[in-house]
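First comes the structure, then the notes that go with it.
Along the sequence shown, residues are numbered consecutively beginning with 1.
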Amino acid sequence: MCVCICLFALNLTGFSQSKNQYHHLVDSADAYIDDNSHKALTFLNAIPDPIEDNIKGRVADYYIIKSLIHDDFNEYAKQYQCNILAHKYALKENNYCVAGEACIAIFSNLYYIKKDSLAFKYLEEAKTYYTKCDDVNGPIIIEQHLAYAKFLDGEYESCNALLAQSLENYKAIKDDAYYYMFALYMLTSNHIYLGNLDQAQFYYEEFKKLKNNATIVKYNFFSFEANINLCFADVFFEDKNIERALIQLENAAKLKAYMAEDALKDYYKIYADVHKYKGEIKISKAYVDSLLLFQNKMHKNTVEASFEINEALLEAENELIFENKEQSFLSSLFGILVFVLLLFGLLSYLYYHKQKNKFSTFNSEAINSLNYLKSNNQQLNVKVHGLEAYIKELKDEVKHISRTESVDKQKNKIKELYKNLHINSSTLLDKSDSHLDIINNLNIDFFKNIQDAYPQLNKSEIIICYYLFMRFTNKEIALFLNTTLRSVESRRYRIAKKIHINSKETSLLEHLHEKFSDTLNLNLPL
């Protein structure tokens with residue numbers, strides 16, 4: 001048995017390892033993404049299909065890393081696709097930090113490229129996700145993207161105002177200087193376009209101090225620096241300061257490998273315009289041709305990516321529809337199950353209380369009957385003891401008479417004994433006003449019901465009702481009670497008056513049989 005358990009445990013461990021054996025490839029890609037996007041992509045491509053099965057729990061990480069790779073390769077359509085998938089799987093895996101990161105990236109794709117105002121919806125979502133994952137830098141990320149949106153829209157002064165109020169907070173984040181660097185990049189560029197070159201130079205010098213900061217990815221730093229050089233070149237060209245424009249273009253050319261697609265287009269265009277202004281038409285045309293070739297290449301890549309994306313998104317959409325249907329079915333099934341359980345619980349509750357009430361009623365009736373029987377039994381014991389004592393007295397009296405020598409005296413004593421016996425036999429059982437309890441306990445229900453119905457009747461009146469109920473005549477009742485016939489009739493009248501019987505409509509006897517006939521086990525004729 002122990003061996004089987006151990007083997008089972010080993011099987012489970014092996015199964016768990018087989019399911020997670022590709023997680024290290026995601027970790028490796030994440031480690032190389034900042035320095036070598038090609039190597040990071042190699043690790044991700046080593047994960048076999050289906051991705052969702054082989055790296056369960058890490059699918060969101062896979063797609064967010066891949067989106068960064070496509071961003072590095074200027075493949076914005078593919079980047080957008082990966083961000084959508086990263087957002088989808090992050091929610092499924094409850095990976096809220098990646099969900100927030102994906103929302104920021106989607107905002108960038110929609111607003112910076114397409115100027116779609118719906119992009120701000122993703123910024124609102126990002127706020128929620130960053131709160132859930134306790135990312136203290138989440139609000140800063142959102143604030144900087146709002147500032148960057150103003151920067152791209154040409155609202156340079158508004159952008160500066162937004163950044164200036166938080167610049168010291170950005171600088172205070174020592175474990176990640178990216179936020180301070182990004183703010184300095186925007187401040188420098190804003191002041192360049194506003195013509196505040198001295199202020200722009202001040203922020204640029206602050207920017208360059210971060211070059212060797214260990215928390216900053218070199219690619220990001222050089223990419224921002226290339227853009228700043230292009231901003232200076234653009235402004236100098238507008239002022240017809242060609243020499244300074246060329247110096248800035250040459251500085252930018254050294255960083256060409258770090259330029260994004262939009263920066264490369266600006267680079268070719270400014271170079272073409274500068275040489276055209278100088279009259280160097282052939283050189284200008286060469287840069288224009290380079291720009292056209294670059295744009296055609298970008299267009300071709302975009303078209304090819306669109307086909308791949310449409311297919312991938314369609315597959316993802318079909319999967320999502322299937323999952324939604326499955327989830328909807330499970331939700332409906334769960335709802336039905338809950339309803340059935342609640343209904344069963346309600347019915348069980350009602351049945352339980354119904355049975356409990358029945359049991360309580362039965363138990364109460366049984367207790368009352370038992371108490372009545374005990375009471376009658378006690379009274380019976382008293383009467384039995386009384387009868388035994390009376391019989392003993394009779395025996396003693398008979399012995400005493402038998403010892404009398406005079407015949408006349410014996411006769412007189414025998415007559416007296418007979419007279420006493422006749423009187424006592426009629427009155428002995430009447431000493432407690434309930435001398436027929438021996439019979440009564442055969443009809444416990446009658447006595448219990450009549451006491452409940454008419455508590456105003458005393459015990460002797462209930463006994464008369466019982467005799468009437470049992471079809472005894474007034475004379476018989478008078479004999480049983482050792483009283484006169486007139487006394488019985490008078491009592492019957494008082495009983496009828498007490499229980500409010502109209503003698504013109506019904507008699508006491510009829511009323512008793514109508515009300516208490518169900519207490520007898522025998523059928524009595526009316």
Side-chain angles (χ1 to χ4, degrees), residues 371-395 397-398 412-517 519-522 524-526:
N371 290 336
Y372 193 84
L373 285 173
K374 284 181 178 180
S375 176
N376 278 352
N377 186 54
Q378 290 172 357
Q379 295 176 16
L380 179 62
N381 287 334
V382 171
K383 294 187 180 300
V384 167
H385 285 300
L387 286 172
E388 289 176 349
Y390 179 64
I391 291 171
K392 186 175 181 301
E393 289 178 3
L394 290 178
K395 288 181 178 180
E397 185 68 21
V398 170
N412 291 332
K413 287 183 177 181
I414 288 172
K415 286 180 181 181
E416 186 179 351
L417 175 63
Y418 177 78
K419 181 181 178 182
N420 291 335
L421 180 61
H422 177 73
I423 293 172
N424 290 336
S425 65
S426 300
T427 61
L428 181 64
L429 295 177
D430 191 42
K431 293 177 181 178
S432 64
D433 293 330
S434 56
H435 59 281
L436 289 177
D437 284 343
I438 299 171
I439 299 174
N440 295 349
N441 60 25
L442 298 176
N443 295 284
I444 293 172
D445 288 341
F446 174 83
F447 286 95
K448 184 175 65 176
N449 290 350
I450 196 170
Q451 285 174 351
D452 291 340
Y454 305 121
Q456 65 269 34
L457 298 180
N458 59 40
K459 198 167 185 180
S460 62
E461 291 170 339
I462 290 175
I463 292 173
I464 290 175
C465 289
Y466 176 68
Y467 284 138
L468 290 173
F469 182 71
M470 295 300 294
R471 299 292 183 173
F472 287 111
T473 65
N474 288 349
K475 289 182 179 181
E476 291 171 329
I477 295 172
L479 179 62
F480 294 152
L481 298 180
N482 193 28
T483 187
T484 64
L485 177 61
R486 186 170 179 177
S487 175
V488 172
E489 291 173 347
S490 177
R491 290 187 185 184
R492 284 185 62 171
Y493 172 77
R494 287 198 299 271
I495 291 170
K497 191 173 180 180
K498 275 188 176 183
I499 63 178
H500 308 293
I501 294 177
N502 189 342
S503 58
K504 294 180 180 180
E505 296 179 358
T506 183
S507 66
L508 177 58
L509 175 60
E510 291 172 339
H511 174 75
L512 291 174
H513 273 277
E514 182 180 346
K515 192 169 182 65
F516 303 110
S517 60
T519 62
L520 293 177
N521 294 325
L522 65 161
L524 294 172
L526 291 175

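Under the side-chain hydrogen bond (donor to acceptor under 3.5 Å, both in side chains) criterion, R492 pairs with N474, sequence neighbours left out. Partners of E476 by side-chain hydrogen bond (donor to acceptor under 3.5 Å, both in side chains), not counting sequence neighbours, listed by chain and number: T473. Annotation: salt bridge (charged side-chain N to carboxylate O under 4.0 Å, His left out) contacts of K515 (sequence neighbours excluded): none. Listed by chain and residue number, R494 satisfy the side chain to side chain contact (heavy atoms under 4.5 Å, CB included) test with S490 (two or more places apart in sequence, or in another chain). Remark: Y493 pairs with no residue by the ring-ring contact (aromatic ring centres under 6.0 Å, His included) rule, at least two apart or across chains. Under the side chain to side chain contact (heavy atoms under 4.5 Å, CB included) criterion, N502 pairs with K504, E505, sequence neighbours left out.
Ring geometry for F447 versus Y466: interplanar angle of 30 to 60°, hence tilted. Ring geometry, F446 versus F469: the interplanar angle falls under 30°, so the pair is classed parallel (tilted spans 30 to 60°).
Contact record, L512 with C465: CD1-O, 3.5 Å, taken as the closest heavy-atom pair. The shortest non-hydrogen separation linking I495 to E461 is CD1-O, 3.5 Å. Residues K475 and L485 approach most closely at N-CD1, 3.7 Å, considering heavy atoms.
Rounding to the nearest 0.5 Å gives a distance of 4.0 Å between CG of L468 and CD1 of I477. The line from OG1 of T506 to CD of E514 is 6.5 Å long, rounded to the nearest 0.5 Å. Between H513 atom NE2 and L508 atom CG the span is 10.0 Å, to the nearest 0.5 Å. Atom CG of L509 is separated from atom CZ of R471 by 4.5 Å, given to the nearest 0.5 angstrom.
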